[in-house]
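Worksheet for the structure shown next.
Just so it is clear: chains get the letters A, B, ... in the order the sequence lines come, proteins before strands, and each one is counted from 1. Note that the structure is predicted; figures quoted are calculated from it, not measured.
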Amino acid sequence: MTVIEYIIGLSGLIASALFIYGLKGMSSPVTAVRGIVIAGWGMAFVVLVSFLGIVNVSDDVRAHLPVNIGLAVLALLIGGLWAGRQGRTVPMTAMPEMVALFNGMGGGSASAVAAVALLRHQESSALHLGVTVAGGLIGCISLTGSVIAWAKLAGHMKNPMRFPGQRPFNALVFVATLALGVMTVVTGMQGAENAGIYSGLFFAGALFFGVCMTMPIGGADMPVVISLYNAFTGLAVGLEGYVMADPALMIAGMVVGSAGTLLTVLMAKAMNRSIANVLFSNFGATSAAAAGPQGEMKSVNADDAATTMRYASSVIIIPGYGLAVAQAQQKLYEMVKLLVAAGVDVKFAIHPVAGRMPGHMNVLLAEAGVPYDMIFDMDDINDSFKTTDVALVIGANDVVNPSARTDKSSPIYGMPILNADQAKQVFVIKRGQGTGYSGVQNPLFFLPNTTMVFGDAQAVLSKMVESLKALGTS
Amino acid sequence: MAITSMTFVIALYIFMLAAFTGYVVISRVPSILHTPLMSGSNFIHGIVVVGALSALFSATTVPEQIIGFVGVLFGAGNVMGGYVVTDRMLAMFKPSAATTTAKNAANQKAAS
């Protein structure tokens, strides 16, 4: 090994240590910001040091070096500046789809590394080629799958695309892609002329399979899917790290691969679904037609609801994605401050999948300035509903649907829910009479202790703030 | 580095240890941090840009250069985007701000 190789190798070691230390920091709110900054320094360091690699290239590459360095700097600038701009300007509500997009780019990058390694076909042992192809396959699935997930969450693709015989078709695409992958390995080992054709077809097949796999999955399940593809990209990066003989990529990739898998399992668990169920069940396809409205909904205007809350002793607020869509978090916190000033005990109850990703709603509330100690996880607060005067549901639906507890035929049966229905009085702020993201009718809205407040969350909350101000705090 | 069966076995050791590390580091995370954490781990696999860079540096043909360029482009997007987004989210979770707000609320209650 030359000195340069040692420096590059050690930079990867330092970066890996900083990544793990940073990730550990990110797992607690107290050290989270420091965690990402530490990981960031590790990344900046290892990327800069990797430029030393140009000293060591073989002679046949030297002539191309100026062009290659130019291309590298250009790609870093364009990719970095574009993504940095996107990341800084994206609204917090659109965060899940942004993460999906960045994750897809990582998968694309990993499969590009695989493609270059195949094009060069130097060390053509079966093992080496096999790992290259496996990483390329997973990276490609992550790339196109994430793009589809992004399109669905960003609203560019409203309905899940399903057709009869889709599952056998997808299985066929997958098997064909695997076969092409095997052919790529076999022809690559022989150094055959047609190796390029097979690997080209293989990458096309893998990209197409990512699309096929993600198309039939409904928008509500996208967070789980994004998290799964995050783990996929990690795995692909780890495998390509082996191909490039770079332990830093192997470690960082595999750490993310396993952490991402665990996160995916946790998310699926919060929705009471298995990952297989999310990927293959065509959730929501049959439920939309089931269960019409049961009975009449009562409704009340915002002023009366505000007055009731003002003179209640305890209020639990259940925010859902509808709140974020209406951009009403600030207004909500304004109202909460008025209630607290009037001596009402106010808490926020967060369902694990509130928002579009676990923890998404916490981010949105934190953005509006809501302090930590008012926000409670489902397990910590669910027993308190029985003794609570008012439960205020804003833009949430499926996470407070009592049929998840009682109705075995309901598609969301068994999903853990917030027991809003046990509060003495339930107010539901809702735009109209439609169903939730899962397409399931919600019996909560028809309970005797439930009263609807129809209207846009922003408008309703503004009215509530006004009437609370009029009532005063004493 | 020559690829021998020994280096492959060492690679498996690295993978095994890294997988356990990832599992242990994440396993006790409060659910409020799931979204930033997903984004943070998304940033970390952006290290693939280093692999893409070294692939591009040693490119000798135009197809290699094109694919390498795309790889670095995507990898850079993954790194920068992942970092900026995670940092923005985590910055909102400042614990000091939260405790001060809580203290202020307590003071207000005591005053009124």
Separation of A/H360 NE2 from B/T35 OG1 (nearest 0.5 Å): 6.5 Å
Per-residue contact mode, B/V79 against chain A (heavy atom under 4.5 angstrom): side chain
Quick check: does any side chain N or O of A/H64 sit under 3.5 Å from a backbone N or O of B/T60, one acting as donor and the other as acceptor? yes
Decide yes or no for B/S39 and A/M95: does some side-chain heavy atom of the first lie under 4.5 Å from some side-chain heavy atom of the second? no
Neighbour count >12 (heavy atoms, 6.0 Å) for atom CZ, A/R85: no
Contact part of A/M26 toward chain B, heavy-atom cut-off under 4.5 Å: side chain, backbone, both or neither? both
Side chains of A/N230 and B/S41: do they bring a donor and an acceptor to under 3.5 Å? yes
At a heavy-atom distance under 4.5 Å, which candidate from A/A115, A/G53, A/S227 has the highest pair count against chain B? A/S227
Can you tell me if A/F376 has over 12 outside heavy atoms packed within less than 6.0 Å of its CZ? yes
Run A/N103 and B/N78 through side-chain contact (heavy atoms from CB on, under 4.5 Å) and show every step you take. CA-CA 6 Å; A/N103 176 55; B/N78 186 178; 5.8 Å; no
What pair of heavy atoms forms the shortest contact from B/V50 to A/S50, and how long is it? CG1-CB, 4.0 Å
Rounded to the nearest 0.5 Å, what's the gap from CZ on B/F74 to OG on A/S111? Could you check? 8.5 Å
Below 4.5 Å, heavy-atom pairs only: which of B/V24, B/L53, B/V49, B/D87 has the largest tally toward chain A? B/L53
Name the member of B/A11, B/G82, B/S58 that forms the most heavy-atom pairs with chain A at distances under 4.5 Å. B/S58
Return the option, out of B/G75, B/A59, B/A52, B/S54, with the maximum number of heavy-atom pairs under 4.5 Å with chain A. B/A59
With a 4.5 angstrom heavy-atom cut-off, which part of A/E367 approaches chain B: side chain, backbone, both or neither? both
What distance do B/I67 atom CD1 and A/F203 atom CZ have between them, rounded to the nearest 0.5 Å? 7.5 Å
Please report the interatomic distance CE(B/M38) to CG(A/L263), rounded to the nearest 0.5 Å. 7.5 Å
Side chain, backbone, both or neither: which part of A/I251 has a non-hydrogen atom closer than 4.5 Å to chain B? both
Honestly, the part of A/S28 sitting under 4.5 Å from a heavy atom of chain B is backbone
For the candidates A/G12, A/S27, A/A72, A/G260, which exhibits the highest count of non-hydrogen atom pairs separated by less than 4.5 Å from chain B? A/S27
Atom group of A/I78 that falls short of 4.5 Å from chain B, counting heavy atoms: both
Testing the basics here: between B/F57 and A/L65, what is the closest heavy-atom pair and its distance to 0.1 Å? O-CD1, 3.5 Å
Contacting moiety of A/V90, where chain B heavy atoms sit under 4.5 Å: both
Look at A/S258, A/A112, A/G84 and state which one has the largest set of heavy-atom pairs under 4.5 Å with chain B. A/S258
In terms of heavy-atom proximity below 4.5 Å to chain B, should A/L143 be classed as side chain, backbone, both, or neither? side chain
Please determine, by modelled atom types, if A/R120 and B/T61 share a side-chain donor-acceptor pair under 3.5 angstrom. no
Separation between CG of B/N42 and CE of A/M105, rounded to the nearest 0.5 Å: 10.5 Å
Most contact-rich option vs chain B, by heavy-atom pairs under 4.5 angstrom, among A/G257, A/A252, A/A83, is A/A83
Less than 4.5 Å apart, side chain to side chain, heavy atoms only: is that true for A/V255 and B/I44? no
Indicate the atoms forming the closest heavy-atom contact of A/L249 with B/V48, along with that distance. CD2-CA, 4.2 Å
Under 3.5 Å, is there a donor-acceptor pair between the side chain of A/R88 and the main chain of B/V84? no
Segment of A/L266 engaging chain B (4.5 angstrom heavy-atom cut-off): side chain
Closest heavy-atom contact between A/A75 and B/V72? CB-CG1, 3.6 Å
Mind checking whether A/M43 and B/Y83 have side chains closer than 4.5 Å, heavy atoms only? no
Tell me, side chain or backbone of A/A248 under 4.5 Å from chain B's heavy atoms, or both, or neither? both
Going by heavy atoms in the side chains, are A/Y242 and B/I14 under 4.5 Å from each other? no
Nearest heavy-atom pair of B/G71 and A/S109: which atoms, and what distance? O-OG, 2.7 Å
When heavy-atom pairs shorter than 4.5 Å are enumerated against chain B, which of A/D377, A/V113, A/L71, A/I8 gives the highest number? A/L71
A/V37 versus chain B, the contacting section by heavy-atom distance below 4.5 Å: both
With chain B, the option among A/D246, A/I350, A/I69, A/T233 that has the most non-hydrogen atom pairs under 4.5 Å is A/T233
Drop me the distance from B/T86's OG1 to A/F102's CZ, to the nearest 0.5 angstrom. 9.5 Å
Find out whether B/M16 and A/M254 are in side-chain contact, i.e. whether some heavy atom of one side chain is under 4.5 Å from a heavy atom of the other. no
Taking every heavy-atom pair that is under 4.5 Å apart, which of B/L17, B/V70, B/L37 has the most such pairs with chain A? B/L37
Which atoms of B/I47 come close to chain A, meaning under 4.5 Å heavy atom to heavy atom: side chain ones, backbone ones, both, or neither? both
Below 4.5 Å from any heavy atom of chain B, which atoms of A/T89 appear? Answer side chain, backbone, both or neither. backbone
Non-hydrogen atoms of A/G79 and B/L73 that approach each other most closely: N-CD1, 3.6 Å
